[in-house]
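All remarks here apply to the structure that follows.
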Amino acid sequence: MIHRKDRFALIILILFQLGILWYFVRIPTHYHQDEFITAFTSWTLPPITKLDWFAAYPPVWVSQFPVLFHILQKPFFWIFGPTVTAVRISVWPYAIGILVYLYFLTKILYSRKLAIIVGIIYSAFAPHVYLSSMGLHFISSTFFYIAALTHFVAGQNVAAGIFSGAAYLTYTSSYITYPVIALIGIFTNRRGLVTTTLVALLILSPFLVYAATVNNFFTQRVSQVNALWGTWSDPAKQQIAPLAIIQKQTIDAFRSLVIPGVGGLGGYNFGKLGLLDTITAVLLAIGFIMLLGGAVKKSGNRIVLIALLVPFTTGFILTTHPPPFHRLSIIYPFLALIVGLTITRFRFVVVLSGIVIVANLLHTNYMIKADANIYPQNSRLIAEYITQNIPPGQPIQIAAYPSFYLGQELLFRTNNHYPITTGETGNILDGYRGGTLLLLNPTKENLDKLRAMYPNSSTLRSIDGVSLGDITLFRPVKK
């Protein structure tokens, strides 16, 4: 049973968290195409009776993942429809779950008072708010990671095993869950570790058999992004010595926490700012020193250090750089915990907590505003043009290649009010009989043919003075 005081505290914390997320969810320039690719996979998921439960999704992309996230996301589109808001709200249960588990983990290791402070800090923690206000896959990894750790620390070994196994059915960053629990268990709960291990294996066994006999997607992402031998690693391709890679990437990883222009990868730019604002960074540094100093006598400190440092090394230092802030999201709750620990050492806890909250909300806002000038806004502008100028129900055709992301994003940005067809450029142009056409990197020859066919036409390469980048919008104009 949850104590009455805990229930009250959690209700307040959850409302505070949802209020912050709702504010940033509604900023139109804040988005990433990956959230729509993921959502489209969920939207087009086959019925449960026809679903391949052990296969990897999406079937056409650079990386595939187990189906669990998509199964849990799809009901939100049944309820709210295929909208941008639905995409974002679909990850809120994970955000709430992380907050609840962080509260109880902090309470178990330290105190209820610290759990409340940490919950407040985490709710406003800039890197977390930046990512969690989009509908991204990563948040599920953080949820299963902290859920498994909390249950294990609480001595609930079966539940820890269930969440440890499920952690391998989400995003790759949570693959570190069982190794972290094993390290903690060796020092604190060896008998419980056996139970957790057996349950985790029971959950994973059919997926492991599938991976061994059909398609091993478990190692796919690791083989791409590992800094030492990954196919996406430039230092590995250049045959730089492993120690030299580790040394440089360790330095870059720590610098990126506070120095602008160092971190941010794959469109997850975080405004090209440091991950943390100055106040939070200073408090984190102080707290980390305090953790180290008390690690010998306090088991809670040791657990937090293991939960923090292992993913920091494997997911942040030893993956492709620039330092990937989004892959560090699995330890955002623990960074907030350390900041909270530091705050409780000062006399003016409430005032300092308020300062940290304001600093983080401002830092989130700065990152998102900076992103508006960094991350391509062409898909958003195209969607606005379509909804403002084209009657619902009229077809939209995209000449690119079948898995091109734009059509998937437009489906949600236009609330599925337009039939959208995406295909190879040649096939689309061969069957083109008028209507709105979007072309990826069109040749001059193809544009000249279209203009010859439809002399009264509009060709847009920018909207409202903003370039559409590699997209051209072609639309015949009726006389």
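Computed from heavy atoms alone, side chains included, the values below leave out hydrogens, waters and symmetry copies. Being a predicted model, the structure only gives us computed values, none of them experimental.
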Will you find, in the side chains of Tyr130 and His30, an N or O donor that is under 3.5 Å from an N or O acceptor?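 Side chains of Tyr130 and His30: no pair found under 3.5 Å.
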Between Tyr168 and Phe144, is the ring centre distance below 6.0 Å?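 No.
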Determine whether the aromatic ring centres of Phe404 and Tyr401 lie less than 6.0 Å apart.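 Yes, ring centres under 6.0 Å apart.
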Tell me whether the count of non-hydrogen atoms from other residues, nucleotides or ligands lying under 6.0 Å of [atom1] in [X] goes above 12.
X      : atom1 : answer
Ile48  : CD1   : no
Tyr366 : OH    : no
Asn389 : CG    : yes

State, yes or no, whether a side-chain contact exists between [X] and [Y] at a heavy-atom distance under 4.5 Å.
X      : Y      : answer
Phe69  : Val91  : yes
Pro395 : Tyr418 : no
Arg112 : His3   : yes

The test is side-chain contact (heavy atoms from CB on, under 4.5 Å); show your working for Leu335 and Phe125 and say whether it passes. CA-CA 9 Å; Leu335 297 178; Phe125 191 58; 3.8 Å; yes
Got a sec, which pairs hit side-chain hydrogen bond (donor to acceptor under 3.5 Å, both in side chains) with one end in residues 7-25, sequence neighbours left out?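 For residues 7-25, and leaving out neighbouring residues, the side-chain hydrogen bond (donor to acceptor under 3.5 Å, both in side chains) pairs sorted by first residue read Gln17-His128.
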Can you sort out the partners of His363 under side-chain hydrogen bond (donor to acceptor under 3.5 Å, both in side chains), two or more places apart, ordered by chain and number? none
Checking Leu361 against Asn365 for the side-chain contact (heavy atoms from CB on, under 4.5 Å) test, could you report, in this order, the C-alpha distance in whole Å, the side-chain angles of both residues, the deciding distance, and whether it holds? CA-CA 6 Å; Leu361 293 178; Asn365 199 50; over 6 Å; no
Indicate every side-chain donor-acceptor pair of residues 71-78 with a distance under 3.5 Å to a residue at least two apart or in another chain.
unit_1 : atom_1 : unit_2 : atom_2 : d
Gln73  : OE1    : Ser42  : OG     : 2.5
Gln73  : NE2    : Ser90  : OG     : 3.0
Lys74  : NZ     : Leu45  : O      : 2.6

Testing Tyr332, Phe254, Phe325 one by one against Phe312 for a ring pair (Phe, Tyr, Trp, His ring centres under 6.0 Å), which residue passes?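 Among Tyr332, Phe254, Phe325, the one meeting ring pair (Phe, Tyr, Trp, His ring centres under 6.0 Å) with Phe312 is Phe254.
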Those residues that, when tested against Arg380, pass salt bridge (charged side-chain N to carboxylate O under 4.0 Å, His left out) (two or more places apart):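 Here the qualifying residues are Glu384.
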Please table the atom pairs, donor to acceptor, closer than 3.5 Å between any side-chain atom in residues 260-279 and protein atoms at least two apart or in another chain.
unit_1 : atom_1 : unit_2 : atom_2 : d
Tyr268 : OH     : Asp34  : OD2    : 2.6
Asn269 : ND2    : Gly267 : O      : 3.3
Lys272 : NZ     : Gly264 : O      : 3.3
Asp277 : OD1    : Thr280 : OG1    : 2.7
Asp277 : OD2    : Ile279 : N      : 3.1
Asp277 : OD2    : Thr280 : N      : 3.0
Asp277 : OD2    : Thr280 : OG1    : 3.2

Mind checking what makes side-chain contact (heavy atoms from CB on, under 4.5 Å) contact with Leu309, not counting sequence neighbours? Phe288, Leu305
